Amino acid sequence: MNITWNSCFVVVVVCINYFCCLVNSQPFGYPTANLSTKWTNSPSAPHSVDFNDGSTVRAILLRGALGFGPRYACGFFCNGDCDTYLFAIYIVQTNSGGGITHGGFPQVVWSANRDNPVKLNATLDLTSDGDLILRDVGGTIAWSTNTGGKSVVGLSLTEIGNLVLFDKNNNTVWESFDHPTDSLVLGQKLVLGQELAASVSVSNWCRGGLYSLSVTNQGLAAFIESNPPQPYYEATFNGNKTGKEPSYVRFLNGSLAFYILSSEPSQPDRVISVPIASSAQYMRLDNDGLLRVYEWIPTEWKEVADIFKEYFRECDYPLVCGNYGLCSRGICTCPSGESETTYFEQINNRQPALGCSERTPLSCGASENHSFMELNDTTYFTFRSDLEGIDSEKCKQACLQNCSCKAAIFRYGLNSSIGQCYLPSEIFSLEHNDKQRNHYNSTAYVKVQKVLSIVSPPSGRKKKTNWIKTILAISLGSISGLFVLIGIVVFLFWKKNNSGDIEEDYLDQVPGLPTRFSYEDLKVKTESFKTKLGEGGFGSVFEGTLTDGMKIAVKRLDGLGQIKKSFLAGVETIGSIHHVNLVRLIGFCAEKSHRLLVYEYMPNGSLDRWIFHCSDGFVLRWQQRKKIILDIAKGLTYLHQDCRQKIVHLDIKPQNILLDENFNAKVADFGLSKLVDRDQSQIVTTMRGTPGYLAPEWLSSVITEKVDTYSFGVVVLEILCGRKNVDHSRPEEDMHLLSVFKKKAEEGHLEDLIDKYNEDMQIHGEEMVNMMKVAAWCFQGDFVKRPSMSMVIKVLEGVSEIEHNLDYNFSNPPLAKVSQQEVHVCLSSTTPLLPSVLSGPR
């Protein structure tokens, strides 16, 4: 069916990720495909076009008519070396005969597998039962619409660039508009629960950039990634004063229009003006966090609008001066308080906008040495009040009591010292506070690691004495001091040249250590720590490759000094632990000041990216999620009961659950924090973990392995509901998942919480509710009433039943009420008195 389209568009489903693609394609101008059609990403595929920017397209569907102009198409796509490919939708230019021309580089507006690119000879299959499946070489599923058995009869690319699977009544069964990536095309909606996620860079199209854009209950908001995400742009709905839930924003010709439920289908509640399109136009959240509009004019793509531009001043951008950078009238410097100690330095003196680095990284293991650098008249690009009606001292104390807090941002009135406190877990750019514009005072207390030094005691008043005795004393003292100085120099010289041998001897005497790598070796294997996979409180993780081709994840620990036996003992402990549901430690590096751990590489990353930002490449079905929950329980049971030393994790959350190539779950970051000797029944530790996952007993003095059970329950609930436990984008009454859970339990409507964006989950509603009751058992306020993880496994496997008399009066402990900086971590009386390894957040 040929359809003439006289505007300026054509959509293409493509394969991306700074690579190339190839495919057997339908004839141009043919926008539909029938069941049992397969396309192969092969070098011999027709309709292949190479562009001057290095990209290649292999179109399988093309929506448009003969003649010059931009058109939508879909197919395989690569951008660069063409080692891997994406299946995507993009805009291309066509000639008078309807063929794709070499001009106007293809503009990708949607992709299926941006996080899971495929290789040459991958296939796209529209199966006989209506499922659209992208398979990599070898048959591994890289992406699927999960529409098998839903009466699909065909595939179509619409005139506005929407890829649609439809049934015999021409009703939509699945559409790409429901799974946006980083762009909107004219006519496309962004609804509540959807988001645009920026790519890593211009050349790397992977989802994994710092920025996202989503519709909230208040309007449209852009966030920079942290835990939790920090908003940097908000446009509210004008007519939302009655509390009605907003419906969506829509990209129209000339505007970005805001609609709320009560106004549809009348005029939009609010509009943000966009230049009228004279040709093809689309909107993209770029990797620098800005929302730009691009248009074909008339021989190239140009930026025609920046949606955020009027909202921002020169210092309002989240990373205008990089991490920890201080912006004042567009000039970037590093923070410097009244202290003579320099805590921060420029990453690059010639490029101050790159930000600042800590001279001494913060260490949760030495939180007693945390202090603050006070920056007066300094504010932050965003502010979300965590505590209200307090003074600056209480604001700082709240930050000191939480290791993940990096600064205390205190705002207060021009005539009052009582104000609001914001405790961000990551610091981006700070800025000078303009009181005339903001009408409030603001002080930033940036947390720093104190540098310990030996201070000589003050000398007393000198006594008068005989001048001869004085000269004699001075002479003898000088001679003695000279000998002492010579002795110190000799000792230091000897230590410098022999300490390495001593450490080597000690390492050789420690049995059971995993493979030891040199620092230079790991530097080569990670290409000088080129590709960062993530970072936490104790350091950053980088991708690497061993000589045999095996991929590894290298964690570079920060804030650890000389080689300590505790570090080596920790390596020995976790190196000897082998369980299918724990991330395996392959090796380590302990060389001079360098501390690195080498783990197995987990290709599907952490669990949070699959349940909170549902991957367009693969949606986790119920059976997969149930298997992940069981895997986590098995890993924790091993740590608590089955390994040689009992290990209490203390920071169970989706970010610390990693998934292998088959989506088997493995618990990560479970060692090296503290060792408890066999004759110890408790230790003293600072408050650990992540807000939202902390058990109530963190406010008391008794901590057992049941804190992990509580955190496990939170993760289970997040997996079932498809949302975060604490979500600031929601209205206040829905912000805390446990509060909503309690309310729904009292009403008898737990099924209302099931992930609404996953039809497979909805089908298994009864199993979902039963699993929620398992989570509720884990939430019991009295930790004695919580099940052990081994009991959880028995329930999940159907061997035992859930406790029936459950107390749903649970809640997360508010940070504002934490008064203790130290708590006793005890070995549970329910388990044998074995030595424990306590792990903190990484």
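Keep in mind that this is a model prediction, so the values were computed, not measured.
- Annotation: side chain of S279 is in contact with side chain of P70 (closest heavy-atom distance under 4.5 Å).
- Annotation: the span from I160 atom CD1 to L186 atom CG amounts to 9.0 Å, rounded to 0.5 Å.
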Going by atom type alone, with no hydrogens or angles, which donor-acceptor pairs under 3.5 Å involve a side-chain atom of residues 135-142 and a protein atom two or more places apart or on another chain?
unit_1: D136; atom_1: OD1; unit_2: K119; atom_2: N; d: 3.0

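- Distance alone, capped at 3.5 Å, is enough to place a donor-acceptor pair between the D131 side chain and the N146 backbone.
- Counting only distance, with no hydrogens or angles, the side chain of S429 and the backbone of P318 share a donor-acceptor pair below 3.5 Å.
- Considering only heavy atoms from C-beta on, V715 comes within 4.5 Å of P654 through its side chain.
- The closest donor-acceptor contact from the side chain of E175 to the backbone of V164 lies at 3.5 Å or more, if one exists at all.
- A donor-acceptor pair is defined here as one N or O able to donate and one able to accept, closer than 3.5 Å; no such pair exists between the side chain of S255 and the backbone of L252.
- Centroid-to-centroid, the aromatic rings of Y232 and Y211 come within less than 6.0 Å.
- Annotation: the span from W610 atom CH2 to L659 atom CG amounts to 8.0 Å, rounded to 0.5 Å.
- Not a single donor-acceptor pair under 3.5 Å links the side chain of E234 to the backbone N or O of Q218.
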Would you sort out whether K551 and E600 count as a salt bridge (Lys or Arg N to Asp or Glu O under 4.0 Å), showing the intermediate values? CA-CA 7 Å; K551 278 194 171 184; E600 62 177 316; over 6 Å; no

Tell me, with the steps shown, if N656 and S606 meet side chain to side chain donor-acceptor pair (under 3.5 Å). CA-CA 7 Å; N656 283 339; S606 55; over 6 Å; no

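- Aromatic ring centroids of W301 and Y282 lie under 6.0 Å apart.
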Verify side-chain contact (heavy atoms from CB on, under 4.5 Å) between L196 and L190, making sure each step is shown before the conclusion. CA-CA 8 Å; L196 302 184; L190 187 68; 4.2 Å; yes

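- For the residue pair D125/T123, the side-chain donor-acceptor check at 3.5 Å is not satisfied.
- In this structure, L285 and L213 approach most closely via the heavy-atom pair CD2-N, 3.7 Å.
- Taking all atoms of both residues into account, the shortest heavy-atom contact from D182 to R114 is N-NH1, 4.1 Å.
- A cation-pi arrangement is not found for R723 relative to F612, the charged atom failing to lie both closer than 6.0 Å to the ring centre and inside a 45° cone about the ring normal.
- For the pair W622 and M761, the minimum side-chain heavy-atom distance is below 4.5 Å.
- When the salt bridge (Lys or Arg N to Asp or Glu O under 4.0 Å) test is applied to D727, the partners found at least two apart in sequence or on another chain are R730.
- Side-chain atoms of S176 and N162 include a donor-acceptor pair closer than 3.5 Å.
- Taking the ring centroids of H179 and W174, they lie under the 6.0 Å cut-off.
- Among residues two or more places apart in sequence or in another chain, the side chain to side chain contact (heavy atoms under 4.5 Å, CB included) test is passed with D286 by R284, D288, R292, Y294.
- Checked for salt-bridge contact, K530 and E543 miss the test: no charged N lies under 4.0 Å from a carboxylate O.
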Would you check, one step at a time, whether the test side-chain contact (heavy atoms from CB on, under 4.5 Å) holds for L220 with L256? CA-CA 11 Å; L220 187 67; L256 183 63; 3.9 Å; yes

Output, in order, the C-alpha distance, side-chain angles, deciding distance and verdict of salt bridge (Lys or Arg N to Asp or Glu O under 4.0 Å) for K150 and D167. CA-CA 8 Å; K150 295 186 178 181; D167 61 19; over 6 Å; no

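- When the side chain to side chain donor-acceptor pair (under 3.5 Å) test is applied to K627, the partners found at least two apart in sequence or on another chain are D631, N664.
- Defined by atom type and a distance below 3.5 Å, a donor-acceptor pair is present between the side-chain atoms of T145 and T147.
- Taking the charged nitrogens against the carboxylate oxygens, K724 and D608 have no contact shorter than 4.0 Å, which rules out a salt bridge.
- For E295, there are no salt bridge (Lys or Arg N to Asp or Glu O under 4.0 Å) partners at least two apart in sequence or on another chain.
- Under the side chain to side chain contact (heavy atoms under 4.5 Å, CB included) criterion, Y311 pairs with Y233, not counting sequence neighbours.
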Quick one, V667 with N581, criterion side-chain contact (heavy atoms from CB on, under 4.5 Å). Give me CA distance, side-chain angles, the key distance, then yes/no. CA-CA 6 Å; V667 178; N581 297 122; 5.7 Å; no

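- Looking at heavy atoms from C-beta onward, L533 lies in side-chain contact with Y601 at the 4.5 angstrom threshold.
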Residues L717, L737; criterion side-chain contact (heavy atoms from CB on, under 4.5 Å); working and verdict: CA-CA 8 Å; L717 198 59; L737 179 56; 3.8 Å; yes

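- For E527, the CD atom counts as loosely surrounded, since its 6.0 Å shell holds 12 or fewer non-hydrogen atoms of other residues, nucleotides or ligands.
- Ionic pairing of R625 and D755 is present here: one or more N-O contacts between side-chain nitrogen and carboxylate oxygen are shorter than 4.0 angstrom.
- Side-chain contact between W143 and L132 is present, with heavy atoms from C-beta onward closer than 4.5 Å.
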